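Everything quoted here is computed from the prediction, not taken from an experiment. Letters A, B, ... are given to chains in the order of the sequence lines, protein chains preceding strands, and every chain is numbered from 1.
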Amino acid sequence: MNDICKIYKTLYKIYGPQGWWPFLNYDSKNNLNSKNIYNYHINDYTFPKSSNQIFEVCLGSILTQNTTFSSVVKALKNLYVIDCLTPEKIQATNIEKFKKAIKVSGYYNQKSNYIMAFIKFYNSLDSKIPTRKELLNIKGIGEETADSILLYGYNQTEFKVDAYTKRIFLELNLINKKAKYKDIKKLAEDSLQEITKDKEELRIIYQEFHALIVKHAKQFYSKKPYGVGCILKKINLNYIFIQ
DNA sequence: TTCCAGGCAATAC
DNA sequence: GTATTGCATGGA
């Protein structure tokens with residue numbers, strides 16, 4: 001088995017399915033559940049279940065750029081309070097009011113512009129699935145955010161690479177320091193084909209793998225020196241370098 | 001106080 | 001095309 005698959009299987013064995021993407025949690029009266037504002041959906045891969053949830057992933061993917069998801073949830077809660085969680089309502093809302101709501105997630109001036117630009121595009125989609133190229137053409141949507149939207153919002157088989165992914169692969173000598181986003185994405189996607197070539201099965205693996213990486217990295221790869229106590233360092237890897 | 005968080009665009013070479 | 005810098009809040 002190749003190294004990437006070994007890592008995936010090891011993490012899955014330790015942590016189990018993660019149920020990403022987490023969604024806002026509403027009660028039967030359609031109010032935000034104040035005790036559990038959001039929740040994960042372990043072993044249910046039929047999400048998102050509505051266009052509202054698709055849009056929620058898009059919004060969250062932009063808001064979570066370089067910040068913690070807990071801050072994003074606070075921003076989403078603020079948006080819920082001012083009834084501003086759909087494209088139409090956001091566009092109809094005073095921009096300063098919108099900025100104030102998302103302020104807690106940081107970079108709020110930029111992110112509000114990014115979200116407005118995204119909504120303009122989103123409205124033009126007419127419920128179609130966006131292409132990666134289209135997403136990358138929007139100001140504020142880079143490779144990771146595009147893959148996040150496609151993988152978790154539209155269930156497309158696109159591997160999402162983040163800073164943790166690169167950090168772990170680098171620490172395990174699976175890539176070199178200069179590896180680009182697309183290099184790491186290709187390594188992961190090519191490697192995981194060893195498990196299955198079925199697109200739908202791979203999509204689920206991509207969704208879980210990214211979530212597992214974040215879960216594991218928060219514990220072992222947030223503080224320097226990275227990887228202290230990391231079990232991945234103890235499994236036998238083949239060390240396939242990429243150029 | 002310092003460091004980091006589920007990045008991106010603009011700018012300078 | 002590669003490296004650097006500004007963007008910003010909140011928690012550990």
Original post:
Can you give one letter per nucleotide of nucleotides 2-10 of chain C, going 5' to 3': B for a protein heavy atom under 4.0 Å from the base, S for sugar-phosphate only, - for none?
Top reply: SS---BBSS
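Taking the six-membered ring for Trp and thresholds of 30 and 60 degrees, A:Trp21 and A:Tyr152 have ring planes inclined between 30 and 60 degrees apart. Between A:Phe169 and A:Phe209, the two ring planes are tilted [angle within 30° to 60°].
Proximity of A:Arg167 to the phosphate of B:dC4: no side-chain N or O atom is located under 4.0 Å from OP1 or OP2. Here A:Ser61 does not reach the OP1 or OP2 of B:dG6: none of its side-chain N or O atoms lies under 4.0 Å away.
Between the P atom of B:dG7 and the CD1 atom of A:Ile184 lies a distance of 13 Å, rounded to the nearest Å.
Taking 4.0 Å as the cut-off between side-chain N and carboxylate O, A:Arg203 and A:Glu200 count as a salt-bridged pair. Here A:Lys185 pairs with A:Glu189 in a salt bridge; the nearest charged N to carboxylate O distance falls below 4.0 Å. Between A:Lys160 and A:Glu144 there is a salt bridge, with a side-chain nitrogen of the basic residue lying less than 4.0 Å from a carboxylate oxygen of the acidic one.
Nearest-nucleotide positions on DNA chain B for A:Phe69 and A:Lys139 put A:Phe69 closer to the 5' end.
The two residues A:Phe220 and A:Tyr15 make their nearest non-hydrogen contact at CE1-OH, 3.9 Å.
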**OP:** Under 3.5 Å for both distances, Watson-Crick or G-U wobble, that's the pair rule; now give the dot-bracket for DNA chain B, with | marking pairs to another strand and [ ] for crossing ones.
**Re:** .||||.|||||||
